[in-house]
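Single-structure report; data block below.
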Amino acid sequence: MSTALFCGLTTIDVTQHVTEVPQANQKIVSHQTLLDVGGPAANAARTAAALGVPARLVTLLGDTPLARLALEKLFAEGIEVIDLAADSEFPVSTVFVDDAGMRTVVSRNNPNRKFRNPDVSILDDVAILEIDGHLPQLQKLFAERCKDAGIPVIFDGGSWKAGTDELLPLSTHVIISQDFVRTDSTAERTFDYLRGFDFQLLAQSAGEEPVHAVAGQQEVKIQVPHVAVKDTLGAGDVLHGSFTAFLPQASNPLTALREAIAFASKSTKYSGILGWLEADSEI
């Protein structure tokens with residue numbers, strides 16, 4: 001089976017499940033704490049690997065205790081990790097998840113991190129590429145080569161970042177959140193702007209609201225299945241990871257998107273990115 005390549009951010013997430021998010025100068029006690037790998041590219045790769053797709057993650061880890069913890073976790077989940085870090089600035093995210101399953105995130109991400117040049121053989125057996133905008137220089141290199149070779153390039157648009165304008169023309173399938181907004185614009189105008197590109201699929205998620213999707217001449221609103229939500233952290237990452245896993249075998253992009261939406265919705269019933277996997281193994 002061909003490999004799905006994911007390029008972008010990896011973090012360690014410290015997640016506190018709380019009744020409500022604390023206010024200024026307030027101290028509260030959480031009822032659950034989770035320490036796990038995070039980051040949109042890493043979580044998408046984890047999702048694809050859990051679905052049985054060979055996943056390769058190009059990211060920046062470095063040599064710190066938390067970076068080594070992330071590498072060990074990713075390796076245990078069957079992901080091939082290529083660490084190009086040339087520094088030790090591994091990022092940590094602090095996450096609060098309230099009783100409604102809504103999350104609040106404070107993250108360091110990848111500002112100005114140093115990295116080594118990749119070996120282009122990384123792409124030799126790749127059938128699909130997913131990028132998250134967090135390492136635009138690396139992602140531009142990979143996306144250019146993939147698009148020239150006719151390999152799908154999936155763009156995860158969680159938020160508008162420096163370098164996004166250079167990545168969009170190289171993308172074939174773009175799935176954005178309602179928070180993906182151009183500078184001095186709105187979500188609606190940003191979506192209209194993206195219509196001007198020749199994407200095979202353009203889709204925008206909005207939590208529990210229908211997903212707005214355009215594929216060729218088709219424009220649809222896809223309903224999000226209603227579930228008892230426990231944790232929305234990483235639901236967008238699961239959406240992108242499962243879409244990347246489903247697309248090569250799907251009859252068309254909208255079919256893959258519908259399957260990914262249902263899967264991402266299911267994932268919110270459980271704590272953590274792979275909570276659904278642990279629940280399924282108990283059946």
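If you read the sequence from its start, that first residue is 1, and numbering goes on from there. Hydrogens, waters and symmetry mates are skipped; everything else that's a heavy atom, side chains included, is used.
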Query raised in the report: Sub-3.5 Å donor-acceptor pair from the side chain of Lys27 to the main-chain atoms of Pro22, do we have one?
Result: no
Query - Pairwise side-chain contact, Ile175 with Phe155, heavy-atom cut-off 4.5 Å (strictly under) - result: no
Requested in this report: Please report the closest heavy-atom contact between Cys7 and Leu138, naming both atoms and the distance.
Outcome: SG-CB, 4.1 Å
Query raised in the report: So do Leu35 and Ile12 actually touch side chain to side chain, heavy atoms under 4.5 Å?
Result: yes
Report summary line: Separation between OG1 (Thr10) and CG (Leu74), nearest 0.5 Å, reads 6.0 Å
Query raised in the report: More than 12 heavy atoms of other residues, nucleotides or ligands under 6.0 Å from CD of Glu144: is that the case?
Result: yes
Requested in this report: Nearest 0.5 Å please: distance from the CG atom of Leu60 over to the CG atom of Leu9.
Outcome: 8.5 Å
Requested in this report: Verify salt bridge (Lys or Arg N to Asp or Glu O under 4.0 Å) between Asp83 and Arg116, making sure each step is shown before the conclusion.
Outcome: CA-CA 9 Å; Asp83 178 19; Arg116 301 187 303 275; 5.6 Å; no
Query raised in the report: Is the closest basic N to carboxylate O distance between Asp36 and Arg46 below 4.0 Å?
Result: yes
**Report entry** Least distance between heavy atoms, Ala55 atom then Phe6 atom
**Finding:** CB-CE1, 4.0 Å
Query raised in the report: Any side-chain heavy atom of Asp63 within less than 4.5 Å of one from Phe90?
Result: no
**Report entry** Side chain proximity check, Lys161 to Pro136, heavy atoms < 4.5 angstrom
**Finding:** no
**Report entry** Student check: side-chain heavy atoms of Val18 and Val97 closer than 4.5 Å
**Finding:** no
Requested in this report: Classify the angle between the aromatic ring planes of His31 and His17 as parallel (below 30°), tilted (30 to 60°) or perpendicular (above 60°).
Outcome: tilted
Query raised in the report: Is it the case that one hydrophobic cluster holds both Ile82 and Ile131, taking links as side-chain heavy atoms less than 4.5 Å apart, direct or via other members?
Result: yes
Query raised in the report: In terms of ring plane angle, is the pair Phe263 and Trp276 parallel, tilted or perpendicular, where the classes change at 30° and 60°?
Result: perpendicular
Query raised in the report: Quick one: do Phe243 and Val153 end up in the same hydrophobic cluster if we chain Ile, Leu, Val, Met, Phe, Trp and Tyr together by side-chain heavy atoms under 4.5 Å apart?
Result: no
Query raised in the report: Is the backbone of Gly8 close enough, under 3.5 Å, to the side chain of Thr59 for a donor and an acceptor to pair up by distance?
Result: yes
**Report entry** Sub-4.5 Å side-chain heavy-atom contact between Val58 and Leu5
**Finding:** yes
Query raised in the report: Counting heavy atoms not belonging to Gln23, are there more than 12 under 6.0 Å from its CD?
Result: no
Query - Backbone N/O of Asn43 and side chain of Asp237: donor-acceptor pair under 3.5 Å - result: no
**Report entry** Atom pair CD (Glu80) and CZ (Phe75), whose distance is rounded to the nearest 0.5 Å
**Finding:** 10.5 Å
Requested in this report: For Leu170 and Ala143, work out which heavy atoms get closest and say how close.
Outcome: CB-CB, 3.8 Å
**Report entry** Reported CD-to-CG distance for the pair Gln200 and Leu254, which is rounded to 0.5 angstrom
**Finding:** 11.5 Å
Requested in this report: Mind listing the closest non-hydrogen atom pair of Thr11 and Gly39 along with its distance?
Outcome: OG1-N, 3.4 Å
Query - Backbone of Asp124 reached by a side-chain donor or acceptor of Ser121 within 3.5 Å - result: no
Query raised in the report: Under 3.5 Å, is there a donor-acceptor pair linking the side chains of Gln218 and Asn252?
Result: no
Query raised in the report: Hey, is Arg113 close enough to Glu89 for a salt bridge, meaning N to O under 4.0 Å?
Result: no
Query raised in the report: Any donor-acceptor pair under 3.5 Å linking the side chain of Thr186 with the backbone of Arg189?
Result: yes
Query raised in the report: Within a strict 4.5 Å, meaning less than it, do heavy atoms of the Leu247 and Pro152 side chains meet?
Result: yes
Query raised in the report: Looking at CG of Leu135 and CG of Leu167, how far apart are the two atoms once the value is rounded to the nearest 0.5 Å?
Result: 10.0 Å
Query raised in the report: Any sub-3.5 Å donor-acceptor pair from Ser205's side-chain atoms to Gly207's backbone N or O?
Result: no
**Report entry** Residues Asp192 and Arg195 bridged, charged N to O under 4.0 Å
**Finding:** yes
Query - N/O donor-acceptor pair under 3.5 Å between Asp98 side chain and Val21 backbone - result: no
Query raised in the report: Regarding Glu219 and His212, is there a side-chain donor-to-acceptor distance under 3.5 Å anywhere?
Result: yes
Query - Arg68 with Glu72: basic N within carboxylate O range, under 4.0 Å - result: no
Query raised in the report: With a cut-off of 6.0 Å (strictly less than), are more than 12 heavy atoms of other residues, nucleotides or ligands near CD of Glu208?
Result: no
Requested in this report: Please answer whether the main-chain N or O of Leu239 pairs with a side-chain N or O of Ser242 as donor and acceptor at a distance below 3.5 Å.
Outcome: yes
Query - Candidate pair Thr3 and Asp125, rule side-chain hydrogen bond (donor to acceptor under 3.5 Å, both in side chains), full reasoning - result: CA-CA 6 Å; Thr3 298; Asp125 60 344; 3.1 Å; yes
Query raised in the report: Is the number of heavy atoms from other residues, nucleotides or ligands under 6.0 Å of Arg145 CZ greater than 12?
Result: no
Requested in this report: For residues Ser265 and Thr268, report the shortest heavy-atom separation together with the two atoms involved.
Outcome: O-OG1, 2.7 Å
Query raised in the report: According to the interplanar angle, ranging from 0 to 90°, do the rings of Tyr193 and Phe197 count as parallel (below 30°), tilted (30 to 60°) or perpendicular (above 60°)?
Result: perpendicular
**Report entry** Between OG on residue Ser171 and CG on residue Asp198, distance to nearest 0.5 Å
**Finding:** 12.0 Å
Report summary line: Taking every heavy atom of Leu194 against every heavy atom of Phe199, the minimum-distance pair comes out as O-CE1, 3.5 Å
Requested in this report: Using a 4.5 Å cut-off on heavy atoms from C-beta on, say whether the side chain of Ser177 contacts that of Gln204.
Outcome: no
Query - Hphob cluster co-occupancy, Leu69 + Ile273, side-chain heavy atoms under 4.5 angstrom - result: no
Requested in this report: Give a yes or no answer on whether the side chain of Ser267 reaches the backbone of Ala235 with a donor-acceptor pair at less than 3.5 Å.
Outcome: no
Report task. Determine yes or no for a side-chain-to-main-chain donor-acceptor pair under 3.5 angstrom, with Thr190 supplying the side chain and Arg182 the backbone. Result -> yes
